[in-house]
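Below you'll find the structure, written out as structure tokens, and then a few comments.
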2 protein chains.
Amino acid sequence: MIPMNPVDPVDPVDSADPVDSADPVGSADSVNPVDSADSVNLVDSGAEAPGRAPLPLDALTDVAGIRVGHAEVAGAGALSGTTVVLAPEGGAVAAVDVRGGGPGTRETDALDPRNLVQRVDAVVLTGGSAYGLDAASGVMAWLEERGRGVRVGPGPTQVVPVVPAAALFDLGRGGDWRARPDASTGRAAVEAAAATGPGEPVAEGGVGAGTGAMAGQLKGGIGTASVRLASGVTVAALVAVNAAGSVVDPGTGVLFGEYGAGEPPAHPPAEVHAAAERRLAREREATEAAGGGAPPFNTTIAVVATDADLTRAQAQKLAGTAHDGLARAVRPVHLLTDGDTVFTLATGQVRVPSGDPAAVNEILAAGADVLARAIVKAVRAARSTEGPGGRLLSYTELYGD
Amino acid sequence: MIPMNPVDPVDPVDSADPVDSADPVGSADSVNPVDSADSVNLVDSGAEAPGRAPLPLDALTDVAGIRVGHAEVAGAGALSGTTVVLAPEGGAVAAVDVRGGGPGTRETDALDPRNLVQRVDAVVLTGGSAYGLDAASGVMAWLEERGRGVRVGPGPTQVVPVVPAAALFDLGRGGDWRARPDASTGRAAVEAAAATGPGEPVAEGGVGAGTGAMAGQLKGGIGTASVRLASGVTVAALVAVNAAGSVVDPGTGVLFGEYGAGEPPAHPPAEVHAAAERRLAREREATEAAGGGAPPFNTTIAVVATDADLTRAQAQKLAGTAHDGLARAVRPVHLLTDGDTVFTLATGQVRVPSGDPAAVNEILAAGADVLARAIVKAVRAARSTEGPGGRLLSYTELYGD
């Protein structure tokens, strides 16, 4: 764990804010203590755009009160897992935009802004394709035990927790087609999330829902990134990259998501790129000779979180623009055989002036940028993995760090 | 006009195809004569991806039977216009995906695949913000006179033409806030389209709906591009680029849409980029000193056309993935103050195997790529224009061709 460096909300919403640290609702889930805003030493280097600043963790947990936990399926032949994003006590405004043509989801209709449920306590990203959606069941049980969810009776645990979930396809990647996340994996992931302190770093690469993920022909995984806007709003993303499309420009070896994201990316030397292409071709042939081959079902799933007090409809708009980051970092994307899904969580700690489109626009644009960067970080964090059909090569094994 | 070089549909749908050239419905709108498929000399150079081939016009009119007409608002102080995309006689399957937060549209609800109207005869892209939607009225009148539209009575002209339209914001760019497209502009544009022969090239830059368009701080305009897939399907785009976001990477001067699109783009020399930035800053100061400044309302609107026999739902999916091309070429995009809208037209000449997601995926991916390329072509085709608040600089004036 890196040293904690709390970042304070600016212009905190003082009333009716369940995560307002001045009035914590639950002790276990209270957010970072509020210091003077001046105590945060914001620097501009490394920021993506004027007025943006990096945050200490560069992770989803830079949004105060948000926790992340990973769990993996145990046993030989297993290469899958589940990641849980746990909202602060009292929940967060949530939304979703499903833009892939082959999604595997649960509790997404409840997130339609016209529908009943106002806040959710957790979001699940999971491997195991549609089977893996059972992981949400374990998260529900954990929340039920703590009386967190939509209250439906007078008893302390008479609640129905709404746990939206999205699954990615990784069946058989570890050799055992039936080694999939289930309720116990979901429970392990939410317990891992709850065991973290405020503002802890988030493991990236082949963990949780990213355990068996692939990015095109490369090893995929979990990535996370965050940014703080000049308005004081924090926008962050966590993604499980399991794309059918490529994250690498086949013409150069550059990660698509690094183009136009600040300084021009360093282009890999031509001989390194050529060697990478040759090696990937050999792996492809070996896999095909062994009767394998990447199935055409893939999915990139993500959570974008912010401390802004977005309405549910604004949160849904943010989920939509976040997909633009996916479009920049993965090509092609959003096809019939992708299940690309982005959830948003808004904790509501920082007030966004209503009637000021520019303030919302800044958050929308940041959502796309931070998701693209999380994808880059996921691919760079991934490490090569042995699969039953051969070696799943990582970007860094082919191109270096 | 460049020499016509007809491209033939492969695997034509023989029955019930209103644009099947072997059985033309209307003489004026009959499509290119069918030659042997072997007569087309497909070359791979310049294509974006394996199996893709360039087409003779690199324009929306490479989709057989599609015609395009532009018209401009006349008079001093006017800097606006309308572009009409005219479908073959009998119409085309149509769909739309509106992803901007401030759209100005007409007849888009009729395109919901659940709703009545099966085919449309024309799509209108227009300047003049919501006022400019009146241009569709002139197109309706022209279609009514020819008995083209949804038949609602026995008389030859008892039809209701459904003419979906989207408007972009260019009010006041020529000095006269009230000089906007109206029904007469729409009629002029559809007449211009009808006056073209099959497979004519399409004017780009500051014409039609692109007349007063801006791309960030640069002059925007009309661009068009096409590609032929290995399956024989043609996918093409026409766009009016009027983006609030930037089409130029501020770090390098490269057009965002050129990253990762094949060979690495040539980076402008650092001194050219620095000079461009200085010049844009001076123009911005001069405009602001004159009390002007780019209003924050902008919109990129486009038509993606294909000769594939997509269903209405598939056409809607194509409109959605085409927005990924917008996401790659414009940053940020899809904000509350953008009205970004993509229409699709599918003429149905080339059969897409039902139950083969890969065949549809190829079209979806091409839609994004070809729209990104059309945006690049629009910006490169635009020429600097004098506006009331100063000079609207073009990319080529700043960076060369």
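Here is how names work: the chains are called A, B, and so on, in the same order as the sequence lines, proteins then strands, and each is numbered from 1.
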Check [X] against [Y] and note the closest heavy-atom contact, atom names and distance.
X	Y	result
R99(A)	D97(B)	NH2-OD2, 3.3 Å
G262(A)	D249(B)	O-OD1, 4.4 Å
P264(A)	T252(B)	CG-CG2, 3.1 Å
R328(B)	V330(A)	NH2-O, 3.3 Å

Query - Set of residues satisfying side chain to side chain contact (heavy atoms under 4.5 Å, CB included) with respect to R380(A), sequence neighbours excluded - result: L255(A), E258(A), V376(A), Y395(A)
Query raised in the report: Where the side chain of N361(B) meets the backbone of L336(A), is there a donor-acceptor pair that is under 3.5 Å apart?
Result: yes
Report task. Would you confirm whether D324(B), through its side chain, and A327(A), through its main-chain N or O, come within 3.5 Å as a donor-acceptor pair? Result -> no
Query raised in the report: Any idea how Y259(A) and Y259(B) line up, ring-wise: parallel (<30°), tilted (30 to 60°), or perpendicular (>60°)?
Result: parallel
Step through the shown structure and confirm whether more than 12 heavy atoms of other residues, nucleotides or ligands are within 6.0 Å of [atom1] on [X].
X	atom1	answer
D109(A)	CG	no
D112(A)	CG	yes
E271(B)	CD	yes

**Report entry** Greatest number of heavy atom pairs closer than 4.5 Å to chain B - which of L364(A), L335(A), V254(A)
**Finding:** L335(A)
Report summary line: If you tally heavy-atom pairs under 4.5 Å between each of A365(A), G260(A), P332(A) and chain B, the highest tally belongs to G260(A)
Query raised in the report: What distance separates T321(A) OG1 from D338(B) CG, expressed to the nearest 0.5 Å?
Result: 10.5 Å
Query raised in the report: Do the side chains of H323(B) and H323(A) get nearer than 4.5 Å, heavy atoms only?
Result: no
Query raised in the report: For chain A, which of H334(B), R331(B), Q314(B) has the most heavy-atom pairs under 4.5 Å?
Result: R331(B)
